[in-house]
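Notes follow the structure.
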There are 2 protein chains.
Amino acid sequence: MAAKGDETRARMIEATRTLTEAKGYHGTGLNEVLALSGAPRGSLYHHFPGGKDQLVGEALTGAGREVDGLLADLAEEAADVPALVHALLDALAERMTASGFAKGCPVATVALEVASSNDALQQITAEVYGGWQRRLADRLHADGREAAEADDVATTVLALIEGALVLARAQRSREPIDRVRRRIAAVLG
Amino acid sequence: MAAKGDETRARMIEATRTLTEAKGYHGTGLNEVLALSGAPRGSLYHHFPGGKDQLVGEALTGAGREVDGLLADLAEEAADVPALVHALLDALAERMTASGFAKGCPVATVALEVASSNDALQQITAEVYGGWQRRLADRLHADGREAAEADDVATTVLALIEGALVLARAQRSREPIDRVRRRIAAVLG
DNA sequence: GTCTATACAAAGATAGAC
DNA sequence: GTCTATCTTTGTATAGAC
């Protein structure tokens, strides 16, 4: 059975995911994390001796794994890659509007903040994006694309999604996502 | 002739642009801005009575105007939109690598941080992106695209560029930009 | 009106009680 | 081993000297 400390630990990571997705690494205070998770102050460095970086790092890898699982599911269900991307964009747009434009890509905000100033976290964001890209490239390759082109297309699709999330959140509108969605067929042509 | 205070003011905005592009709104301290710009401590609230938000706001609008000017120049020089985007991606990739992956999109990092928590700055980032989108849509329309499609394509191109910059900075590699660049013809087809 | 010194709050991290 | 209280630093903002 799961110990109580493990639940607390999980709640702290979940709170960190929510807060860093909306406001980034520097915008998320550990006090906020404790308040949102309901965890007591002293538990923080007990569960995360590496401090804030460890906590945010685990939040990033957790979000990365979750999206990767979603991608794997969609890759299995969808008839083709356009259908996969359509379903993904719908899910992301819904999640974003439901959160009042607080939720977009769970790693992008932190990724941009740490890219040139925090090696440990930069490496984690790089690996998360690399995993998603590979998942898309594999499906494109399975559908008959040559490997090098599958890599180019997968990165392009991922960039398109990430960019649409940036624009949608910046403009507080799902329209950029919908516009990009209408052009997916052309992008994958 | 320009007063000395105006130069100091301009240097503070420039320093803010550099720092917020790399580390975001919350990651940029006013002490850092003062250190990088060489401005004295007391000048800050003299030149920017609105404090940090005014300073960052002016940095964002300045960066927006500068990129808009670049877009206008490229729109005039380039033979077609693919050539325009190629030139833009080349310039952005060069700028990014030359800065050690500190420079990507000058507004994206802040845009993601403030989207759901700072109304004044969110509005500025929304307007900056809106201006860039319009600039691209106008050129597409001038090239013969129907207006609604020009909007869709312009937003798609902008999203693609923004996403490529996110991935490139996260992975500290210009390869995502190069991969996207190779797919531009297909996207605009 | 330009700058130095400082106030006040919040950050991250730790020490020690239980 | 779980939590309370505190320590140090850094953040933004302001007051007052010149």
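Order of the sequence lines fixes the chain letters, A, B, ..., with proteins taken first and strands second; residue numbering starts at 1 for each chain. What you see is a predicted model, and the numbers here were worked out from it, not measured in a lab. Note: hydrogens, waters and symmetry copies are ignored here, and every other heavy atom, side chains too, is used.
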* **Polar side chain donor-acceptor pair, T155(A) to R179(B), under 3.5 angstrom** => yes

Can you measure [X] atom [atom1] to [N] atom [atom2] for me and round it to whole angstrom units?
X       : N       : atom1 : atom2 : answer
L34(B)  : dT4(C)  : CG    : P     : 11 Å
F48(A)  : dA13(C) : CZ    : P     : 13 Å
H47(A)  : dC3(D)  : NE2   : C1'   : 11 Å
R41(B)  : dA13(D) : CZ    : C1'   : 9 Å
L44(A)  : dT14(C) : CG    : P     : 11 Å
L55(B)  : dA13(D) : CG    : C1'   : 14 Å
N118(A) : dG12(C) : CG    : P     : 13 Å

* salt_bridge(R182(A), D178(A)) N-O dist < 4.0 Å -> no

* Taking C-beta and beyond as the side chain, do I184(B) and L160(B) meet within less than 4.5 Å on heavy atoms? -> yes

* Asked: Do M96(B) and R169(B) touch side chain to side chain, with heavy atoms closer than 4.5 Å?
  -> yes

* Does S43(B) make a side-chain N or O approach to OP1 or OP2 of dC3(C) shorter than 4.0 Å? -> yes

* Asked: Looking at H46(B), does any N or O in its side chain come under 4.0 Å of the phosphate oxygens OP1/OP2 on dG1(C)?
  -> no

Which pairs of donor and acceptor atoms, one on a side chain in residues 75-83 of chain A, lie under 3.5 Å apart (sequence neighbours left out)?
residue, atom, partner, partner atom, Å
D80(A), OD1, A83(A), N, 3.0

* Kindly state which residues belonging to residues 21-33 of chain B come within less than 4.0 angstrom of DNA chain D, counting heavy atoms of the residue only, listed by number. => T28(B), G29(B), L30(B), N31(B)

* P40(B) side-chain proximity, nearest of dT14(D), dT4(C), dA13(C) -> dT4(C)

* Structure fact -> Regarding the side chain of Y45(A), the nearest nucleotide among dG12(C), dT4(C), dT14(D) is dG12(C)

* To do: Pick out which of H141(B), R134(B), Q133(B) makes a side-chain hydrogen bond (donor to acceptor under 3.5 Å, both in side chains) with D151(B).
  => Q133(B)

